[in-house]
Asker: 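The structure's right below; bear with me while I get my questions together.
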Amino acid sequence: MNISINELTKTFKDRVAVDHLSLSIEQGEFFALLGENGAGKTTTIKLLSCLMEPTSGDAIMLGDSIVNNPQVVKKKLNISPQETAIARNLSVKENLEFIARIYGSNKKEAEQKAKRLMDKFGLTDRAKSKGRTLSGGLERRLSIAMAMISEPEIIFLDEPTVGLDVRARLDLWQILLDLKGQITIILTTHYLEEVEALADRIGIMHKGRLRALGTLDELREQTGQVKLQNIFLQLTAEVKS
Ligand SMILES: Nc1ncnc2c1ncn2[C@@H]1O[C@H](COP(=O)(O)OP(=O)(O)OP(=O)(O)O)[C@@H](O)[C@H]1O
């Protein structure tokens, strides 16, 4: 088992952002975490990627605890955050090489890694373009390529296609489909068609808690709904007393 989350909880003062979350994610799985604004998705990603400490509970990531061994866990994963962190005055190639050097590659290795990732992410013909000149779609592709430099076993993608036009979104989906199975991918998104196109399994959060978990077919069966939009609305509806 790849990721085992056990009663993970994060509170900010009296606000519970993640509330006793428990679930497991298998190696190589493409897992989509859904939920309304404020449901706790980004906080969950920050906890699992050791950017934030849980208030209680734990998660075992490839055998190591985020509470006891965060430094070890960090080496196994990477994140492409909502706000991409590309250097605007460096070129595509320089951004990738810079990150590779940070992770300890020598100059030659960094060049090789940058080349390989530019090929994989369709960035080769923009190698010399400065970060600030990239379209939203290319910026996002570069951000994910940068996260792949460290050869993580788990990658977190926090709303990777926000603001992208239809073609840029479809191009990114294709890249993600090509990655599928090679690495564990945890995606948060508000685009349900993205989830239908990409995800093996879906977790739906509501107010910090896990409301539902399963494949699309399992969620269909559970709710009696066909469209993911209707499944989502049903599962995140407030229970009226
Ligand atoms: N640093 C913080 N300090 C205080 N409250 C926070 C902090 N970060 C998140 N929260 C609160 O925790 C809850 C969960 O937020 P989170 O960003 O994890 O939700 P989300 O599901 O990612 O939402 P969105 O879809 O809008 O990105 C929200 O009520 C939010 O206001």
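Each ligand, and each atom within it, is numbered from 1 in the order the structure gives. The figures that follow rest on heavy atoms only: side chains count, while hydrogens, waters and symmetry mates do not. In this text the structure is predicted, and so the values were computed from the model without any measurement.
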Asker: Quick check: closest heavy atoms across I5 and L21, and the distance to 0.1 Å?
Answerer: CG2-O, 3.2 Å

Asker: I need the nearest protein heavy-atom contact for atom 12 (O) of ligand 1: residue, atom name and distance, please.
Answerer: A17 CB, 3.2 Å

Asker: Please determine if R88 and E139 form a salt bridge, counting it only when a charged side-chain N lies under 4.0 Å from a carboxylate O.
Answerer: yes

Asker: So is G35 touching ligand 1 or not, going by heavy atoms under 4.0 Å?
Answerer: no

Asker: Among all protein heavy atoms, pick out the one at the shortest distance from atom 19 (O) of ligand 1; state its residue, atom name and that distance to 0.1 Å.
Answerer: G40 N, 3.2 Å

Asker: Among Q222, R201, E218, find the residue that satisfies the side-chain contact (heavy atoms from CB on, under 4.5 Å) test when tested with L213.
Answerer: R201

Asker: Can you name the atoms of ligand 1, numbered from 1 with element, that are less than 4.0 Å from a heavy atom of H190?
Answerer: 25 (O)

Asker: May I ask you to list the atoms of ligand 1 that are less than 4.0 angstrom from any heavy atom of E159?
Answerer: 25 (O), 27 (O)

Asker: Could you please spell out the steps behind the side chain to side chain donor-acceptor pair (under 3.5 Å) verdict for S56 and E7?
Answerer: CA-CA 7 Å; S56 63; E7 301 281 313; over 6 Å; no

Asker: Atom 14 (C) of ligand 1: which protein heavy atom is closest, and how many Å away?
Answerer: G38 O, 3.3 Å

Asker: Provide the number and element of each atom of ligand 1 under 4.0 Å from a heavy atom of A39.
Answerer: 19 (O), 20 (P), 21 (O)

Asker: Give the residue and atom name of whichever protein heavy atom lies nearest to atom 18 (O) of ligand 1, and the separation in Å to one decimal.
Answerer: T43 OG1, 2.6 Å

Asker: Determine, stepwise, if the pair T9 / T55 fulfils side chain to side chain donor-acceptor pair (under 3.5 Å).
Answerer: CA-CA 6 Å; T9 299; T55 308; over 6 Å; no

Asker: Hey, is ligand 1 close enough to T44 that some N/O pair sits below 3.5 Å?
Answerer: no

Asker: For E36, counting its heavy atoms only, list the atoms of ligand 1 lying under 4.0 Å from any of them.
Answerer: 21 (O)

Asker: Which atoms of ligand 1 sit under 4.0 Å from any heavy atom of T42?
Answerer: 17 (O), 18 (O), 20 (P), 22 (O), 27 (O)

Asker: May I ask you to decide whether K93 forms a salt bridge with E97, counting only side-chain N to carboxylate O separations under 4.0 Å?
Answerer: yes

Asker: Do the numbers put R169 on top of the ring of Y191, so that NZ or CZ is under 6.0 Å from the six-membered ring centre and no more than 45° off the axis?
Answerer: yes

Asker: Among all protein heavy atoms, pick out the one at the shortest distance from atom 26 (O) of ligand 1; state its residue, atom name and that distance to 0.1 Å.
Answerer: N37 ND2, 3.0 Å

Asker: Please list the nearest protein heavy atom to atom 21 (O) of ligand 1 with its residue and the distance rounded to 0.1 Å.
Answerer: K41 NZ, 2.7 Å

Asker: With the threshold set at 4.0 Å, does a side-chain nitrogen-carboxylate oxygen contact exist between K180 and D200?
Answerer: yes

Asker: Under the salt bridge (Lys or Arg N to Asp or Glu O under 4.0 Å) rule, what do K10 and D19 come out as? Steps first, then yes or no, please.
Answerer: CA-CA 7 Å; K10 179 73 184 179; D19 193 359; over 6 Å; no

Asker: May I ask you to decide whether D119 forms a salt bridge with R116, counting only side-chain N to carboxylate O separations under 4.0 Å?
Answerer: no

Asker: Quick test: of every protein heavy atom, which one is nearest to atom 1 (N) of ligand 1, and how far off is it to 0.1 Å?
Answerer: F12 CE2, 3.6 Å

Asker: Please state which protein non-hydrogen atom is closest to atom 30 (C) of ligand 1 and give its distance, to 0.1 Å?
Answerer: R15 CD, 4.1 Å

Asker: Tell me the contacting part of K13 for ligand 1: side chain, backbone, both, or neither, using a 4.0 Å heavy-atom threshold, strictly below.
Answerer: neither

